[in-house]
Amino acid sequence: MDWDKFKVHGEPLIYGAMASIVLATIGIIVGLTYFKKWGYLWREWLTTVDHKRIGIMYILAALLMLFRGGVDAMMMKLQTAAPDMKFLDSQHYNEVFTTHGLIMILFMAMPFIIGLMNVIVPLQIGARDVAFPRLNAVSFWLFFFGAMLLNISFVIGGSPDAGWSAYFPLASIEFSPTVGNNYYSLALQISGIGTLLTGVNFIVTILKMRAPGMKLMKMPMFTWSVLITNVIIVFAFPVLTVALALMMFDRLFGSQFFTMANGGMDMLWANLFWVWGHPEVYIVVLPAFGIYSEIIATFSKKNLYGYTSMVFSMLIISLLSFLVWAHHFYTMGQGVMVNSFFSITTMAIAVPTGVKIFNWLFTLRKGRITFTTPMLYTLAFIPIFTIGGVTGVMLAMASADYQYHNTMFLVAHFHYVLIPGAVFAVIAGFHYWFPKVFGFRLNERLGKHAFWWIIISFNVAFFPLFILGLMGMTRRQYTYSADTGFGPLSMLSFVGAVGLMIGFVILVYNIYWSTRYEPRDTDGDPWDARTLEWATKSPIPAYNFAVVPTVKTRDAFWTSKMDKVPLFEDKITKIHMPSNTGKPFILGVIFFVAGFSLVFSLWIPAIISGVGILIVLAAMSFDRDHGFYIPVEEVIATEKKLRGETV
Amino acid sequence: MMKQLFPIRHVMGFLASLVLSVAALAVIYLDLSNTANMAILLVTALIQASLQLFLFMHIGESADTKKELYINIAYALFVGLVTIFGTLFIFVWGWYA
């Protein structure tokens, strides 16, 4: 066997990364053994099917990936901070910007959002779990091992280096002969299957498992946004699945789908990628809109303005999101007719989005606003996202796009959309729902410090990129000479990036500090909120609600508090729960082995693990496990304990 | 007894979908005109899709979710057709000549 292809040569940075991965792994293993936590880890987390725990694992993984993607960003910013920097070479820089994009979109934003919806959606609709708890565990482990597969590429064999969009012919075996883009096709494929399963799971959960009385138009706005998001997932991800499979065939088995010879068409990759890629943008942005809607209503002490128009604008966005993909490649060579069509559909999306922005502003109007940390992120989102949206309309004009295309202007635009539209949202949601999951709030003072660091530094880091783009600096260039004049603004942008890092460090410190010192919350409703998830106790008992709530209005919990309408009318009965299973985790491990073997064209292990996957799937479908019941006495005892009474 | 244990409809459906897949291969192995090829592909694909929908995905089975199911199918058709005709629009009909 040729061991050379596993090695990544050259840089001290990569050796450092190898050493730190090995040390961290040893540290985790030793720590788990020393504190005798292996059994706990397996029983309580690795085999869990509880939507809350799966959600927490998603969010933990997302925070880890935020750190990884953030380090990538810092390396890029340092490399371009001054002219002719020698920190990274061009190959290493290519790998870093590729993994930065992949990790931030697919392994940070997506899992963070899926994590929040896992924790919150069943609670908001008054359900005890998602429709298919085991499938949910399968989703998580496929995502997790897909993410791990991409992450080891950095030290074993080399990372993908053709950009997060992996355009052909550059990403073909001919021009990218290393295994990097094999990792791309397989890691994304594995985690993409997980995401697709999540989509199916949540559509069924929301359509079939709502509490009695909760009509579709009485659902909380976050649940609505999650429903629409999952519909987009179910219809957009198959396109990625197919495109990635064709890419894998091209790279591993010598097929010619995206080559320039033998009837292949390189541009078809860009086409298929963006048929998925543009809806993907809305997959991360729509739940963010839902999170903001909840937060604005709660902290303005008003019901959401224009509920129906909010729902319909999301529906229209979801349809339009499938009609705009060609705006990502206006300059690829199609005619004026095509570009005009996609230009108009793109600008049309600004209309329903504008409706939502005005609805939020009208909700704020005459509201009793409290400036908590989640609310601050929400309020900062509105103007910053609007800058991103307006520059988006600039880019949407096909003729003008010939100027902006592939420049830093574009990079600034999508960071102005995605950071307020996804990152601020998940941070806001994290602060907002943290007390629900852990039973205490994150410290407000530290939270606000982090907020101001992040907001100001974000603008310092990314606003200069608009100007740099207009000056002609292209994206993905790893260095430049002093006489281009890009130096000062790039340095300013680097300073902003350092500030962002400080902000995130404060945020993480806040989690540590609050865990130790923040007072514990006892009634489960620290924000005086409106929706059902606050009607149960914090931390949430395994069965969510001792009695399934009966819903009569929108903002059901709020009406029950204000008008003294009882939410829980029935008596406590025994509760049916799904039992834990280790199979999803094992399935994830085998998928990881299969992916790794395919990356390196190790056919025999690939075939063995492929058979293994089939065996586990068969075992899962013949599993006759009907779950278990929690007896009434145990439910009553748990409820009393959570209320602080002695049992 | 045997009838309950042996899912005859599903086995027949499975065999039918195998036959349909083989029939579609005629496009490669027989030397037919372009129109005939397209006709074979369209007909086999349509039968294949309805086999899946009615036999394996039980679309007609429960009455209370009918609306959701058909809305979903309509959405899927919308996305599929937009992808196909959009791609043709970009690369064939609207390509810069």
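Just the heavy atoms: all of them, side chains too, but no hydrogens, waters or symmetry mates, feed the values below. Residue numbering restarts at 1 for every chain, and letters A, B, ... go by the order of the sequence lines.
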Any idea how A:Phe341 and B:Phe89 line up, ring-wise: parallel (<30°), tilted (30 to 60°), or perpendicular (>60°)? perpendicular
Check the angle between the aromatic planes of A:Phe329 and B:Phe91 and answer parallel, tilted or perpendicular using the 30° and 60° thresholds. parallel
Mind listing the closest non-hydrogen atom pair of [X] and [Y] along with its distance?
| X | Y | value |
| --- | --- | --- |
| B:Tyr75 | A:Val231 | CE1-CG1, 3.6 Å |
| B:Asn72 | A:Phe235 | O-CZ, 3.4 Å |
| A:Ala326 | B:Ile90 | CB-CD1, 3.7 Å |
| B:Val82 | A:Trp325 | O-CH2, 3.5 Å |
| B:Trp95 | A:Met332 | CH2-O, 3.8 Å |

Check side-chain contact (heavy atoms from CB on, under 4.5 Å) between A:Thr331 and all other residues, then give those that pass, not counting sequence neighbours. A:Asp401, A:Tyr402, A:His405
With a cut-off of 6.0 Å (strictly less than), are more than 12 heavy atoms of other residues, nucleotides or ligands near [atom1] of [X]?
| X | atom1 | value |
| --- | --- | --- |
| B:Phe14 | CZ | no |
| A:Gln403 | CD | no |
| A:Asp623 | CG | yes |
| A:Phe312 | CZ | no |
| B:Tyr29 | OH | no |

Rounded distance (nearest 0.5 Å) linking atom CG of A:Asn271 with atom OG1 of B:Thr83: 8.5 Å
For residues 240-249 of chain A, dump all side-chain donor-acceptor pairs below 3.5 Å to protein atoms at least two apart in sequence or in another chain.
{"unit_1": "A:Thr241", "atom_1": "OG1", "unit_2": "A:Phe237", "atom_2": "O", "d": "2.9"}

Between A:Met265 and chain B, with a heavy-atom cut-off of 4.5 Å, which part of the residue counts as in contact: side chain, backbone, both or neither? side chain
